[in-house]
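Below is one structure, written out as structure tokens; comments come after it.
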Amino acid sequence: MTVPKIVVLGPPASGKTTIAMWLAKHLKTNLLTLDSLLAMDHSELAEGARRHYERKRSVPSVLLVRLVQERLLEDDCISRGWILDGIPETREQAMMVQTLGITPRHVIALSAPDTVLIERNLGKRIDPQTGEIYHTTFDWPPEPEIQNRLVVPEGISERETVQRLLRHHRNIVRVLPSYPGVLKVISADQPCVDVFYQALTYVQTNRRSNAPFTPKVLLCGPVGSGKSLQAGLLAQKYGLVNLCCGQLLKEAVADNSRQGKAIQPFFEKEMTVPDSLILKVLNQRLNQHDCVHRGWVLHGFPRDLDQARLLDSVGHKPNRVFFLNVPLDSVIERLTLRRTDPVTGERYHLIYKPPPTMEVQARLRQNPKDTEEQVKFKMDLFYRNSAELEEFYKQAITLNGDQDPYTVFEYIESGITHPLPQRVP
């Protein structure tokens, strides 16, 4: 059975939380909100996020997305599905979510005129016992008991609402392009019941891929070429299983499986894992039901001709192969200027996303893997092997990966749904 995987987005007072709650009750699935993520028990991540939220009234994007990932790995989300309320809020969060392979089947975006939303927000009231949302004009509960315990939520003054609306409008235009093919915009300027039934009708439809076959996609490229992001975008749009070779090995070790126990000593000594062990893990994963029936997108393997032959020998033949070429200078700019704040876990880039203050900048740290020496070494290793790989995969399509990620995605998408020439500019 296909479980719900739904994202509900919308501006303040659009009713997204109400719609998300009603959908969760009707579909008997899990509702994930910022509050519910912060309230998770037995989670060190949630505990750290609560402390940060108490101080700053916000949660860093990196930490929020890790909380979402942790929650979605729990049994109830796997068996009954999930609805994300208001997450992702920014393009950065959307890209992080996609990179992790979190792929909604349906995305609902609510919209309404700002004047309507401001009026709505001023009358909003919340039942602290149930979390239900009411309104002094449009949705007042008949029970005196409920009326007496309703409270006025924080941040609903006209000034605060206008500020939140401006922030939403800036962000949402960059979030929605992340969900082509699974997005439905619904007007929230109508009775809430009508909005709900339109949303319910949409999420109960099964969306099919436009691809004329079950996609088995291989993405090759040097470090920093954007393979993970493109894999996430493909997985999200086409429902493919996103397979990162390195992540599969880590999961095998974390699961304490037989292969994981064999791999762990190599991790501990920072040695290269033998191809034979990698192939066992990959072969086992590629033979699982979801990969066979939905298709897959693989990145991080093979990296040379011998690995390509091994993959082919066990019957896993990709029907689309893409090489993402990126100049050394661009990769160095992308990777060597990345930094992490050890206090909050927030990631920065000295050009594209600089730290907000000198204090934050002073404590930023660079991952040793992002040094220029390491990046040049990995680039050289890839391009030494890429010619043989391209010769092995004769139908491979070579793309310029040094452009906007969504432009690259459009070329890859075209290569999946239609034949492409050998070289694309």
Side-chain angles (χ1 to χ4, degrees), residues 6-23 31-39 49-50 52-65 67-68 83-97 104 107-128 131-139 150-179 183-192 195-196 199 344 346 353 356-357:
I6 302 167
V7 168
V8 180
L9 305 173
S14 60
K16 62 180 179 294
T17 298
T18 299
I19 297 302
M21 288 175 65
W22 289 2
L23 286 173
L31 176 61
L32 278 62
T33 66
L34 176 60
D35 289 342
S36 71
L37 293 170
L38 292 176
R50 284 194 295 271
H52 193 280
Y53 189 79
E54 288 168 1
R55 295 194 311 270
K56 305 284 189 178
R57 305 306 296 172
S58 65
V59 178
S61 292
V62 172
L63 187 52
L64 176 62
V65 172
L67 275 174
V68 171
I83 298 176
L84 278 173
D85 173 16
I87 303 170
E89 190 176 20
T90 65
R91 181 173 182 268
E92 178 190 32
Q93 291 175 7
M95 294 178 76
M96 285 186 198
V97 164
V107 177
I108 295 167
L110 303 182
S111 67
D114 286 356
T115 51
V116 172
L117 298 172
I118 292 169
E119 180 185 359
R120 275 191 195 173
N121 219 29
L122 293 174
K124 184 187 291 185
R125 299 294 184 268
I126 294 179
D127 184 340
E132 291 280 356
I133 298 172
Y134 296 94
H135 194 277
T136 54
T137 303
F138 307 118
D139 185 21
L150 296 184
V151 297
V152 179
E154 296 179 0
I156 67 167
S157 71
E158 184 169 350
R159 180 178 179 181
E160 290 170 306
T161 302
V162 168
Q163 290 175 341
R164 291 170 62 199
L165 285 169
L166 288 172
R167 186 165 63 248
H168 169 80
H169 292 319
R170 281 197 304 269
N171 288 325
I172 197 66
V173 294
R174 305 182 70 213
V175 171
L176 296 186
S178 302
Y179 298 109
L183 172 68
K184 183 173 181 62
V185 178
I186 298 176
S187 171
D189 189 14
Q190 55 183 319
C192 202
V195 177
F196 168 68
T344 65
E346 191 80 22
K353 187 190 172 186
T357 65

Checklist line | Under 3.5 Å side-chain donor-acceptor pair for Thr161 and Glu158 | finding: no
Notebook entry, point to check: Are any side-chain N or O atoms of His52 and backbone N or O atoms of Thr344, one a donor and one an acceptor, separated by less than 3.5 Å?
Noted result: no
Next item on the list: Mind checking the CD1-CG spacing from Ile108 to Leu183? Nearest 0.5 Å is all I need.
Entry: 9.5 Å
Check: Is any side-chain N of the basic residue among Arg125 and Glu132 closer than 4.0 Å to the acidic one's carboxylate O?
Finding: no
Note to self: Taking the side chain as everything from C-beta on, heavy atoms only, tell me whether Tyr134 gets closer than 4.5 Å to Ile126.
What the structure shows: no
Checklist line | Arg120 CZ to His135 NE2 distance, which is reported to the nearest 0.5 Å | finding: 8.0 Å
Check: Is the closest side-chain heavy-atom distance between Leu34 and Leu64 below 4.5 Å?
Finding: yes
Item checked: Side-chain touch Ser111/Ile186, heavy atoms, less than 4.5 angstrom -> no
Margin query: I need the minimum non-hydrogen distance between Leu67 and Ala49, along with the two atoms involved.
Written below: CD1-CB, 3.7 Å
Item checked: Nearest heavy atoms of Ala109 and Leu176, plus distance in Å -> CB-CD2, 4.0 Å
Check: How many angstroms lie between atom CD of Gln163 and atom CZ of Arg167, to the nearest 0.5 angstrom?
Finding: 7.5 Å
Notebook entry, point to check: Which pair of heavy atoms, one from Ala188 and one from Ser14, lies closest together, and at what distance?
Noted result: CB-O, 3.3 Å
Checklist line | Within-4.5 Å side-chain heavy-atom neighbours: Phe196 and Thr18 | finding: no
Check: Roughly how far, to the nearest 0.5 Å, is the CG atom of Leu9 from the CD1 atom of Ile172?
Finding: 5.0 Å
Item checked: Derivation of the salt bridge (charged side-chain N to carboxylate O under 4.0 Å, His left out) call for Glu119 and Lys124 -> CA-CA 9 Å; Glu119 180 185 359; Lys124 184 187 291 185; over 6 Å; no
Next item on the list: Tell me yes or no: between the side chains of Thr90 and Asn171, is some donor less than 3.5 Å from an acceptor?
Entry: no
Notebook entry, point to check: Is the shortest side-chain N to carboxylate O distance from Arg57 to Glu154 below 4.0 Å?
Noted result: yes
Margin query: As an exercise, state the distance from CD1 of Ile83 to OG1 of Thr33, rounded to the nearest 0.5 Å.
Written below: 11.5 Å
Check: Should Arg174 and Glu92 count as an ion pair when the cut-off is N to O under 4.0 Å?
Finding: no
Notebook entry, point to check: Are the side chains of Val7 and Asp85 in touch, meaning some heavy atoms are under 4.5 Å apart?
Noted result: no
Item checked: Leu38 vs Val59 side-chain heavy atoms within contact, under 4.5 Å -> yes
Item checked: Closest approach of Lys16 to Gly10 (non-hydrogen atoms, all atoms of both residues) -> NZ-O, 3.2 Å
Notebook entry, point to check: If you round to the nearest 0.5 Å, how far is CG of Leu110 from NZ of Lys184?
Noted result: 11.5 Å
Notebook entry, point to check: Looking only at heavy atoms, what is the nearest atom pair of Val107 and Pro104, with distance?
Noted result: CG2-CG, 3.8 Å
Note to self: Donor-acceptor pair, distance only, cut-off 3.5 Å: does the side chain of Glu89 make one with the backbone of Gly86?
What the structure shows: no
Notebook entry, point to check: Where is the tightest heavy-atom contact between Met21 and Leu31, given as atom of each residue plus distance?
Noted result: CG-CD2, 3.4 Å
Note to self: Please determine whether side-chain contact (heavy atoms from CB on, under 4.5 Å) holds for the pair Leu84 and Ile6, giving the CA-CA distance in whole Å, both sets of side-chain angles, and the decisive distance to 0.1 Å.
What the structure shows: CA-CA 6 Å; Leu84 278 173; Ile6 302 167; over 6 Å; no
Check: Does a side-chain heavy-atom distance below 4.5 Å link Cys192 with Asp139?
Finding: no
